[in-house]
2 protein chains.
Amino acid sequence: MPEQPELTVQGWGPGAPPAAPGQGATDPGAVLPRAARRHLTEQLGWTPRATPPVAVDDIRLAPSRLPDDVRTELAALLGEEHVRTDRASRLRRAGGKSYLDLLRRRGGDASDAPDAVAWPAGTGETAALLALCAERGVVVVPFGGGTSVVGGLSGVDPDDRPSLAVDLSRMASVADVDVASSLVTAGAGVRGPALEAALAGRGLTLGHLPQSWEFATVGGYAATRSAGQASTGVGRFDDLVAGLTLATPSGVLELSSPPASAAGPDLLGLALGSEGTLGVITEVRLRVRPLPQATAYEGWSFRTWAEGLAGLQRLARHDLLPDVVRLSDPDETRANLLSATGTGARLLRGALRARGRGGGCLLVVGWEGLAPLVRARRDAAVPVLREHGAVRLGRQVGESWRRHRYAAPYLRDRLLDAGLLVETLETAATWTALPTVYDAVRRALCESLGAPGKQPLVMSHVSHGYATGASLYVTVLADRDDDLPLQQWLTAKRAATDALLAAGGTLTHHHAVGADHRPWLEREVGPLGVEVLRAVKQRLDPRGVCNPGVLLPD
Amino acid sequence: MPEQPELTVQGWGPGAPPAAPGQGATDPGAVLPRAARRHLTEQLGWTPRATPPVAVDDIRLAPSRLPDDVRTELAALLGEEHVRTDRASRLRRAGGKSYLDLLRRRGGDASDAPDAVAWPAGTGETAALLALCAERGVVVVPFGGGTSVVGGLSGVDPDDRPSLAVDLSRMASVADVDVASSLVTAGAGVRGPALEAALAGRGLTLGHLPQSWEFATVGGYAATRSAGQASTGVGRFDDLVAGLTLATPSGVLELSSPPASAAGPDLLGLALGSEGTLGVITEVRLRVRPLPQATAYEGWSFRTWAEGLAGLQRLARHDLLPDVVRLSDPDETRANLLSATGTGARLLRGALRARGRGGGCLLVVGWEGLAPLVRARRDAAVPVLREHGAVRLGRQVGESWRRHRYAAPYLRDRLLDAGLLVETLETAATWTALPTVYDAVRRALCESLGAPGKQPLVMSHVSHGYATGASLYVTVLADRDDDLPLQQWLTAKRAATDALLAAGGTLTHHHAVGADHRPWLEREVGPLGVEVLRAVKQRLDPRGVCNPGVLLPD
């Protein structure tokens, strides 16, 4: 397996390392251009300050509680070198990468670290491991890329049993490529770059490109019902899964019937989104497609958010949405203009000035596929955009977005170093409900995080369009409350979630439920819906060892 | 509610009525053109003979076993006129329209008739009815259009309890039209024609057109994971359901989160395909679309089945499949040519002759949507068809298929009258497995139904294309064994099903499981998959009153 980059223990990575603790930074806001810094200090009431994480060596980690005899049995099952309790292995698999996760790890808290890490080599070993752990009362948490931003790796077991992270990285084969049927089988631990590299050699692509693409695994995508930046065109990850293998404490479920079936309820859809609570997804059968013959990315500008939404809705109704659609609201557009440095930002500023637009709403669109269809679809969409007042900013704006599409989480580490609260949340709603959901979330966040002289910056964009509605992705920046940073965000998150659900949004469009959203699951699917999920879990995981504290409310 | 046509008790309908019993028909094969009759008598070893059904009045129906006190309670709940035990109401809701169903009814057997029929007006009444029936041990069978061809209405309750058909026809509203979000809410009892009429007034269409379209209901589509003739383009019914309401003995599940959600496993997908075994679907929220601006239907001819499949597979890989795709094998093409009368057949024969093709494989394709995209998609697909040796037969062949798209079940009644076995079965497989599945099914049917001097006619077509594979729809004609007609077909069906599963096909692509396929469900989803479904049923229907004997094996 080729060397792969790894996330850092306290942030994203492996970009520029965080400032060493104590060493400080002479200019904590220097990560941002001057104009952006001025804008943020004024609006947020933020004083740039050095708030570096504690040294990794100073992170507190309790001794492993994995019973020796269980460890011996696991070693007999997987091989001695594939069961570890060392500090580095456990720390690396402590929680995910939400703002709450990062606050804990930066503050030296790794209380959610597993007691041990195991590396099964395939479905058989995973199933045997699960049966053993169920029998011996050891909690099992699947670990793919470790990129969860909803506490998917931070569930609290009500029975406080020892826990084992099951690392998927040894299940990383790409096999059974069926070009005629556009299908490929991937081990759950395969990451995006490795999969795309393997497919490109056959002229194929999966095309699933979430922001976590460099690190996240296909097993994780399946377990969380992920969506990627091109999902409007290629479909959500759900749509790309033609089958999967789920190892559970009660046995192995093989779920696969491409291309389609009417043989009863959709069990594959039960495994997708199960977030480790029913077992471990060990393999997925994926629908792939030919590498695109042509691509066309470009930027457009709408005068207002309402006009932008109306334009996208018209495209959606007539099945004219491009494969990539990303509409930024005025706040996000302004922040893009202020904060981006280099060619991309200069281009965008220049293009807007040339068209007499100071701000407005930036739209990035991209088409991919056969050249004549890319052309025909674009030709049909352009008049609709113009009817809604959009002006074209050109290809370079689109290409610049493509180049920087995975950059945001790296920047977040630097902003956390400088005393900011930085977090995202997301939802989706029908076209009709979307404006209300947008207003409700912004209001809730501003009320919760605002104070005299302090206002959060709430930036939103639509990133996935459907015939019936669209997603809404929200980024929040605020001056961090250094005394009670966790509470500050938990309060705001609670208010925003209550607001978006009341306005008709879904609890989550693509981040999943995790530990963070589970108090609201019942509002999403109803008490009887929760009971159905419990019944399924009871059948597959009767001892409740599979990722407790995640997905299902207590 | 406008007057709607009704299926006859002993067949499809309301076409020409069956010959009156005893009256006979002077020429029992006269329903077919001479050439077709000659072809069938030679190949099948069939002697056209009058085998009319018994008179409807002579059908045997046991007295209703619904306890009087339950009837009284139901009447108190729904109103006296909405609970009936009369002969006509019960007969009309006895079973569905499979060959086995028709054999029973034509032979005077209505032992699968419900003991009573109830017409609840909405979700609340349905939920109350289910709770009452669960408490009193009365089986509940939802009845939509009554068009099941897999015994979905013919389950045998192992406890032999009284049964109640729940007719959906009073839940037939079309409401909450959200044009911007392309959504509409339909009562489960709405049929295709009524729904399309209501939508057309708003410039909208659902576009779901199974062969049962005139009679089947949207609730039935949802309960069976239906597919329609344009599903290649508009999607299967699963894809068109944005939400639904499922009344169960344990309460009501409201499942809806358009446009998309990552909030845990997909519960909506559990309700779809549940075939009445979890409760009664009372309402569906549907994704609609604008009426097409342009349509283009046309006929093409491939030299061979292999070339036809290869051509479709190439189109599928590059996302170039038309909205309607129907490729007939040589046997079906020949039968079309022989049996069709009138302008359509003359046109087809003429077009083929003009192009030097005596038979080959007929392909009907159709594109719908915005005019420039219809043009661009067609322009991109045509060279692929030609590369695989297809020649164009013109628009009139395509339009003729459209005009006759619902005709086959009417013809079946006439063929049954004349001593034939006539049945269909269907599956789907990956492009790679499809040729093997095709061969295996044909071989199994020919071996089972063949005898010295007798061969069945097995005609197949692909009717739904996907990126990863396609459906296969098989029509079988054979000389009926008048002594043991049920056994004759059960033996053949068993052989065909075993063969298609072994070759990699799915148990059913769009007819559902019903009573007929349930012995094979475990082969499709595995023993643990069946256990998961049982756990869900146990939670929602602990007394097992919801359509027992259907879907789940004993």
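Residue numbering restarts at 1 for every chain, and letters A, B, ... go by the order of the sequence lines. FYI, side chains are in, hydrogens and waters are out, and symmetry mates aren't considered; it's all heavy atoms of this structure.
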Residue part contacting chain A, namely of [X], when any heavy atom lies under 4.5 Å:
X        : answer
B:Arg314 : neither
B:Thr248 : side chain
B:Val179 : both
B:Ala260 : both
B:Leu434 : neither
B:Thr432 : both
B:Ala433 : neither
B:Thr506 : side chain
B:Leu204 : side chain

For chain B, the option from [options] that forms the most heavy-atom pairs under 4.5 Å:
options                                : result
A:Arg377, A:His509, A:Arg375           : A:His509
A:Glu254, A:His517, A:Arg317, A:Gln313 : A:Arg317
A:Ser261, A:Ala180, A:Ala376           : A:Ser261
A:Leu507, A:Val150, A:Leu183           : A:Leu183

In terms of heavy-atom proximity below 4.5 Å to chain B, should A:Leu320 be classed as side chain, backbone, both, or neither?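 Side chain only.
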By a 4.5 Å heavy-atom criterion (distance strictly below it), what part of A:Ala242 contacts chain B: side chain, backbone, both, or neither?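 No part of A:Ala242 comes within 4.5 Å of chain B.
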Within-4.5 Å side-chain heavy-atom neighbours: [X] and [Y]:
X        : Y        : result
A:Leu551 : A:Arg518 : no
A:Val288 : A:Thr205 : no
B:Leu370 : A:Asp319 : no

Heavy atom to heavy atom, less than 4.5 Å: which residues from residues 263-272 of chain B reach chain A?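 B:Ala263, B:Gly264, B:Pro265, B:Asp266, B:Leu267, B:Gly269, B:Leu270, B:Leu272 fall under the 4.5 Å cut-off.
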Stepwise side chain to side chain contact (heavy atoms under 4.5 Å, CB included) check, A:Val513 with A:Trp520: CA-CA 9 Å; A:Val513 178; A:Trp520 288 275; over 6 Å; no
Going through the checks in order, is the side chain to side chain contact (heavy atoms under 4.5 Å, CB included) test met by B:His510 and B:Tyr473? CA-CA 10 Å; B:His510 64 274; B:Tyr473 192 91; 3.8 Å; yes
Among residues 521-534 of chain A, which residues come closer than 4.5 Å to chain B, judged by heavy atom distances?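 Listed by number: A:Leu521, A:Glu524, A:Val525, A:Leu528, A:Gly529, A:Glu531, A:Val532, A:Leu533.
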Report the C-alpha separation of A:Leu253 and A:Leu540 in whole Å, then their side-chain angles, then the decisive distance to 0.1 Å, and conclude whether the side chain to side chain contact (heavy atoms under 4.5 Å, CB included) test is met. CA-CA 10 Å; A:Leu253 272 172; A:Leu540 296 176; 4.1 Å; yes
Test side chain to side chain contact (heavy atoms under 4.5 Å, CB included) applied to B:Ala535 - qualifying residues, sequence neighbours left out: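 Applying side chain to side chain contact (heavy atoms under 4.5 Å, CB included) to B:Ala535 gives A:Arg539.
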Only counting residues at least two apart or in another chain, list the ones meeting side chain to side chain contact (heavy atoms under 4.5 Å, CB included) with A:Ala223.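 Per chain and number, A:Ala223 pairs via side chain to side chain contact (heavy atoms under 4.5 Å, CB included) with A:Ile281.
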Evaluate side chain to side chain contact (heavy atoms under 4.5 Å, CB included) for A:Trp431 paired with A:Leu312, printing each intermediate quantity in order. CA-CA 9 Å; A:Trp431 291 110; A:Leu312 295 192; 3.6 Å; yes
Between A:Glu275 and A:Thr224, a side-chain donor and acceptor under 3.5 Å: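 No, because no side-chain N or O of A:Glu275 sits under 3.5 Å from a partner of the opposite role on A:Thr224.
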To the nearest 0.5 angstrom, please state how far the CG atom of B:Leu500 sits from the CG atom of B:Leu472.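 B:Leu500 atom CG to B:Leu472 atom CG measures 9.0 Å (nearest 0.5 Å).
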